[in-house]
2 protein chains.
Amino acid sequence: MRSKGFDGMVCSIAGVMAAIGDRWAVLILRDLLCGLSRYEDFRHSSGVTNATLSDRLKHLEANGLVERRRYQQKPERFEYVLTKNGWQIGPAIMVLAQIGDRLDLSGASSPPMKFVNRKTGAEVGWSYIDRSTGEPVSAVDLAIEAGPGADELVHWRVSHAKARRAEAKARRAEAEANRAET
Amino acid sequence: MRSKGFDGMVCSIAGVMAAIGDRWAVLILRDLLCGLSRYEDFRHSSGVTNATLSDRLKHLEANGLVERRRYQQKPERFEYVLTKNGWQIGPAIMVLAQIGDRLDLSGASSPPMKFVNRKTGAEVGWSYIDRSTGEPVSAVDLAIEAGPGADELVHWRVSHAKARRAEAKARRAEAEANRAET
DNA sequence: TAAGCTAACTCTGATTATGAGAGTTAAGAG
DNA sequence: CTCTTAACTCTCATAATCAGAGTTAGCTTA
């Protein structure tokens with residue numbers, strides 16, 4: 001894992017990606033969320049190689065997302081379980097799965113996995129919501145702003161993006177004008 | 001990108017991760033969602049190196065998430081914008097950001113970015129919802145099942161996970177019994 | 001007219017990660 | 001005494017990444 005450049009970034013997204021590690025780790029997390037817990041489970045489930053799996057488990061452990069613990073002595077055997085923090089990654093995996101289904105990237109013609117309410121059996125999805133009212137919010141109404149923890153780069157990103165959108169709008173207006181002229 | 005093993009997997013999560021590419025691509029996607037669009041924007045924003053950025057943009061384009069287009073001639077200059085499919089990745093990035101904030105992985109003491117409703121200014125979050133009723137669903141009620149597109153491996157994963165949970169339960173019961181004995 | 005500058009790259013060479021698979025350890029099973 | 005299982009570690013060839021230099025084409029400033 002070449003995390004150079006990811007360390008020291010002020011960005012929640014970069015932070016989570018660094019904590020996870022790479023795409024193999026995402027598959028391990030998927031398996032952990034399903035309920036798998038052993039080295040050989042992960043190997044069988046995702047086809048990851050020994051060196052990579054071993055490394056990724058250590059990384060997840062070092063980042064507090066996974067806990068390694070002995071489940072038997074004689075011979076010693078270990079399993080891996082999600083920590084409290086590790087469970088927090090769940091929603092990201094679920095959203096990823098549903099995006100994959102929608103964009104038809106699963107490799108199958110219909111969803112290989114589904115998420116259900118274990119009490120009612122109903123299918124579960126997700127939605128943007130207004131944090132104060134709890135009302136659903138449409139994707140088109142979503143805007144990104146600098147938060148209280150923003151550093152200079154984040155401010156640059158947000159304001160520069162605004163400028164880019166303005167430029168694009170101006171170009172569209174000009175193109176429109178040119179078309180009207182002819 | 002060593003995508004060996006990711007090709008041919010029947011898994012929506014692996015599919016999206018393969019389409020995205022790696023964590024640098026996630027940062028590029030973040031920037032695109034913010035509104036940045038040019039090569040130098042991405043470089044400045046994420047600190048990615050030339051070779052990697054160039055490669056990642058090509059990969060995203062090849063996977064239909066990003067479109068490269070000329071925005072001026074003399075000299076020729078290009079920009080990158082999200083395609084319709086590319087916009088679908090948005091929720092994943094947002095969820096990732098909010099997880100990072102909650103786990104305090106942003107590198108700052110408070111969120112560097114926030115998501116708001118551009119109409120009302122209210123902060124936007126997300127929630128699990130029941131797909132038929134639209135009611136919110138609690139994370140503890142969420143269960144993963146094999147879907148209609150599941151192949152043998154997915155079925156194995158789901159049923160094996162169930163077995164693992166049963167084993168863990170039995171071990172806990174035994175440990176409980178031992179403790180009661182003494 | 002020449003030297004700088006900008007945007008969007010490509011190229012190079014040293015370093016680091018990955019994939020495939022063989023080997024290790026410790027214990028129980030046949 | 002050999003086989004099997006679980007959880008790894010080791011090796012080596014190959015592929016990806018980093019840092020930074022170079023390229024191209026048309027401005028712009030002196």
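Lettering follows sequence order; numbering is per chain, from 1.
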Partner set under salt bridge (charged side-chain N to carboxylate O under 4.0 Å, His left out) for A:Arg164, not counting sequence neighbours: A:Glu167, B:Asp41
Contact list for DNA chain C against residues 30-42 of chain B - heavy-atom distance below 4.0 Å: B:Arg38, B:Tyr39, B:Glu40
Nearest-nucleotide pick for B:Lys58, side chain only, options being D:dC18, C:dT10, C:dG19: C:dT10
Smallest separation among heavy atoms of A:Gly149 and A:Val10, with atom names: O-CG1, 3.8 Å
N or O in side chain of A:Thr52 less than 4.0 angstrom from C:dT18 OP1/OP2: no
Value in whole Å for how far the C1' atom of D:dA7 lies from CD of A:Gln72: 11 Å
Distance test, side-chain N/O of B:Tyr80 to OP1/OP2 of C:dA7, below 4.0 Å: no
D:dT17 OP1/OP2 closer than 4.0 Å to side-chain N/O of B:Trp24: no
Pair B:Phe42 + B:Trp24: ring centers closer than 6.0 Å: no
Side-chain (A:Asn63) to main-chain (A:His59) donor-acceptor, under 3.5 angstrom: yes
Taking N or O atoms only and anything under 3.5 Å, show me the protein contacts with nucleotides 23-25 of chain D, one pair per line.
none

Spacing of B:Phe6 atom CZ relative to C:dT18 atom P, expressed in whole Å: 11 Å
Exercise: identify the closest heavy-atom pair between B:Ala19 and B:Leu65: O-CD1, 3.9 Å
Nearest-Å distance for atom pair CZ/P, residues B:Arg70 and C:dC9: 13 Å
Distance below 4.0 Å between B:Arg56 side-chain N/O and D:dT17 OP1 or OP2: yes
Contacts of B:Trp156 that satisfy ring pair (Phe, Tyr, Trp, His ring centres under 6.0 Å) - sequence neighbours left out: A:His44, B:His160
Partner set under salt bridge (charged side-chain N to carboxylate O under 4.0 Å, His left out) for B:Asp130, not counting sequence neighbours: none
B:Arg77 to B:Tyr71, cation-pi by 6.0 Å centre distance and 45° axis angle: no
A:Leu57 CG - D:dA7 P separation (whole Å): 11 Å
Atom pair distance, as rounded to whole Å: CG in B:Leu53 and P in C:dC9: 8 Å
Sugar-phosphate, base or nothing in reach of A:Arg68, heavy atoms under 4.0 Å: sugar-phosphate
Atom-to-atom span, CZ of B:Phe78 to C1' of C:dT10 - whole angstrom: 15 Å
B:Ile28 CD1 to C:dA8 P, straight-line distance once rounded to whole Å: 14 Å
Ring pair (Phe, Tyr, Trp, His ring centres under 6.0 Å) partners for B:His155, two or more places apart: none
Atom-pair distance (CZ on B:Arg23; C1' on D:dC18), nearest Å: 13 Å
Per A:Asp22 side chain, nearest of listed nucleotides D:dT9, C:dT10, C:dT18: C:dT18
Side-chain N or O of A:Thr49 closer than 4.0 Å to phosphate OP1/OP2 of C:dT18: no
Among D:dA7, C:dA7, C:dA27, the one nearest A:Tyr71 by side-chain distance: D:dA7
Within 45° cone of A:Tyr80 ring axis and under 6.0 Å: A:Arg38 NZ or CZ: no
